[in-house]
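Presented below is the structure to which this report refers.
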Amino acid sequence: NAGVTQTPKFRVLKTGQSMTLLCAQDMNHEYMYWYRQDPGMGLRLIHYSVGEGTTAKGEVPDGYNVSRLKKQNFLLGLESAAPSQTSVYFCASKKLAEHTDTQYFGPGTRLTVL
Amino acid sequence: AQRVTQPEKLLSVFKGAPVELKCNYSYSGSPELFWYVQYSRQRLQLLLRHISRESIKGFTADLNKGETSFHLKKPFAQEEDSAMYYCARILGYNTDKLIFGTGTRLQVFP
């Protein structure tokens with residue numbers, strides 16, 4: 001099992017450019033999440049999904065869109081990148097069965113917006 | 001709003017010293033609380049959860065409902081404990097969303 005993988009690992013964008021971050025999990029988990037990690041602010045939830053075809057807003061959704069067309073993939077899109085979106089992005093997944101079970105995290109994507 | 005507070009950004013100790021990383025949460029019934037750890041250049045991973053009442057890598061955390069705290073403790077710190085530690089709680093049982101504290105960086109000096 002690869003667990004949770006994220007593509008790409010690093011990316012530099014110019015302001016106004018768009019990009020998509022891919023999260024994939026091979027654990028057949030129902031729940032998937034996108035977080036951003038910023039110094040002094042911890043991890044903040046951007047969007048999440050409780051199943052294929054469903055998505056919902058988290059704590060800081062503005063400027064991002066997501067899609068969950070397949071159960072194993074959760075895409076995070078930036079339509080028009082801004083310097084404030086410079087961050088490390090983490091994807092996580094979790095199985096439905098036990099709500100106190102852990103979320104499994106990906107290795108992160110470091111995004112810089114110039 | 002439900003919150004998780006970690007008041008210390010940085011905690012520095014010498015090897016062998018006791019460690020206590022503080023975590024307080026806003027009161028809301030029976031919270032489900034976790035400690036996650038991120039070692040250098042590694043992904044975030046679960047360290048322990050209060051419901052399991054377990055000790056992982058020598059760390060323990062007791063839920064104190066009176067003080068609304070879930071402090072992480074270890075009697076004798078090791079250099080390999082140096083990492084970023086996040087306290088988190090479940091927010092929403094239909095979604096299992098987590099809300100994280102801002103994190104505490106633990107530095108253990110030799």
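Treat the numbers as computed from the prediction; the structure is a model and nothing was measured.
- By the neighbour-count criterion of 12 heavy atoms within 6.0 Å, atom CE of A:M41 is sparsely surrounded, having that number or fewer from other residues, nucleotides or ligands.
- Neither the backbone nor the side chain of B:I99 comes within contact range of chain A, judged by heavy atoms closer than 4.5 Å.
- Contact record, A:P107 with B:R43: CD-NH2, 3.6 Å, taken as the closest heavy-atom pair.
- Looking only at side-chain heavy atoms (C-beta outward), B:L44 and A:F90 stay at 4.5 Å or farther from each other.
- Under a cut-off of 6.0 angstrom, the local environment of CZ in B:R105 is sparse, with at most 12 non-hydrogen atoms contributed by other residues, nucleotides or ligands.
- Atoms CG and CG, from B:D96 and A:L96 in turn, are 7.5 Å apart once rounded to the nearest 0.5 Å.
- Checking side-chain atoms of B:Y36 against main-chain N and O of A:Q103 turns up a donor-acceptor pair under 3.5 Å.
- The neighbour count for B:F14 CZ, taken as heavy atoms of other residues, nucleotides or ligands under 6.0 Å away, does not exceed 12.
- Heavy-atom distances place the side chain of A:L45, and not its backbone, under 4.5 Å from chain B.
- In this structure, chain B has no heavy atom under 4.5 Å from any part of A:E59.
- Using a 4.5 Å cut-off between heavy atoms, B:Q38 contacts chain A through its side chain alone, with no backbone atom that close.
- Around atom CD of A:E79, no more than 12 heavy atoms belonging to other residues, nucleotides or ligands sit under 6.0 Å away.
- Residue pairs that meet the ring-ring contact (aromatic ring centres under 6.0 Å, His included) test with at least one member in residues 35-60 of chain A, sequence neighbours left out, are A:Y35-A:F105, A:Y35-B:F100.
- More than 12 heavy-atom neighbours from other residues, nucleotides or ligands sit within 6.0 angstrom of NZ on A:K71.
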